[in-house]
Amino acid sequence: MRGSNFIAVHEMLDTFRTSLITHLDNVAERAVQIGGTALGTTQAVSNTSHLKAYPVEIHDVQDHLKELADRYAIVANHLRDTIDEIEDPISEDIIHAALEDLDQYLWFLEANIDQDKTA
């Protein structure tokens, strides 16, 4: 990434990553606790992801913020769409916690997008 607010965005994204990794770990541990299998390999994730490949040709901070915001929204909406299918209250709480953070992070991303450059 390159841009005038690179450091601030980089530090913000680092906090998001740390939190999201914790949520992913909680989901994987819960899946195993209730008799499932946590399929977290890059191959399994790639084969089941609702996300398109991340563009490697972008460098501007604003372009990255837009791409990340789109992806955070897709994941948050997917969690909303599937949360009613969860029949275990503890698992539901874990997903709700992840969704709460995703919604907040999406808001932060969108708040950092320069509206003059979105047109």
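Worth saying up front: this structure is predicted, and the values here are computed from it rather than measured.
- Note that CZ of Phe16 and CG of Leu68 are 9.0 Å apart. Values are rounded to the nearest 0.5 Å.
- The environment of NE2 in His10 is sparse: at most 12 heavy-atom neighbours from other residues, nucleotides or ligands sit within 6.0 Å.
- Under the 4.5 Å side-chain contact rule for hydrophobic residues, Leu20 and Ile74 share a cluster.
- Scored by the side-chain contact (heavy atoms from CB on, under 4.5 Å) test, Ala97 finds His23 as partners (sequence neighbours excluded).
- For the pair Ile113 and Lys66, the minimum side-chain heavy-atom distance is below 4.5 Å.
- Neither Ile21 nor Leu109 shares a network with the other; the hydrophobic side chains, linked directly or stepwise wherever heavy atoms of I, L, V, M, F, W or Y lie under 4.5 Å apart, form separate groups for each.
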Exercise. Might you work through the side-chain contact (heavy atoms from CB on, under 4.5 Å) test for Leu79 and Leu102, ending with a clear yes or no?
Key: CA-CA 10 Å; Leu79 291 178; Leu102 271 173; 3.7 Å; yes

Quiz prompt | Full working for side-chain contact (heavy atoms from CB on, under 4.5 Å) between Asn112 and Met12 | solution = CA-CA 10 Å; Asn112 278 280; Met12 178 181 71; 3.7 Å; yes

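- Legend: residues meeting side-chain hydrogen bond (donor to acceptor under 3.5 Å, both in side chains) with His50, ordered by chain and number and at least two apart, are His78.
- Side-chain contact check for Thr15 and Tyr105: no donor-acceptor pair (N or O, by modelled atom type) lies under 3.5 Å.
- In this structure, Phe108 has no ring pair (Phe, Tyr, Trp, His ring centres under 6.0 Å) partners at least two apart in sequence or on a different chain.
- Sorted by first then second residue, the salt bridge (charged side-chain N to carboxylate O under 4.0 Å, His left out) pairs that include residues 3-19, not counting sequence neighbours, are Asp14-Arg17.
- Every side-chain contact (heavy atoms from CB on, under 4.5 Å) that Pro55 has, sequence neighbours left out, goes to Glu57, Ile58, Glu67, Arg71.
- Within 6.0 Å of CD in Glu92 there are more than 12 heavy atoms belonging to other residues, nucleotides or ligands.
- Here Tyr72 pairs with nothing under the ring pair (Phe, Tyr, Trp, His ring centres under 6.0 Å) rule; sequence neighbours left out.
- Side chains of Ile90 and Ile34 form no contact here, defined as non-hydrogen atoms less than 4.5 Å apart.
- The side-chain hydrogen bond (donor to acceptor under 3.5 Å, both in side chains) search around Glu29 returns none, not counting sequence neighbours.
- Residue pairs meeting the salt bridge (charged side-chain N to carboxylate O under 4.0 Å, His left out) criterion with at least one member in residues 72-86, sequence neighbours excluded, are Arg80-Asp103.
- Expressed to the nearest 0.5 Å, how far CG of Leu106 lies from CG of Asp70 amounts to 9.0 Å.
- Residues forming a side-chain contact (heavy atoms from CB on, under 4.5 Å) with Val61 (at least two apart in sequence, or on another chain): Met1, Asn5, Phe6, Val9, Leu65.
- Listed by chain and residue number, Gln33, Asp88, Ser91 satisfy the side-chain hydrogen bond (donor to acceptor under 3.5 Å, both in side chains) test with Arg30 (two or more places apart in sequence, or in another chain).
- For the pair Val27/Ile95, a side-chain contact is recorded, criterion being any heavy-atom separation below 4.5 Å from C-beta on.
- With sequence neighbours excluded, the residues satisfying side-chain contact (heavy atoms from CB on, under 4.5 Å) with Ala44 are Leu39, Thr41.
- Residues Ile83 and Leu24 fall into different hydrophobic clusters, defined by Ile, Leu, Val, Met, Phe, Trp and Tyr side chains chained together at heavy-atom separations under 4.5 Å.
- The side-chain hydrogen bond (donor to acceptor under 3.5 Å, both in side chains) test applied to Gln104 returns no partner, not counting sequence neighbours.
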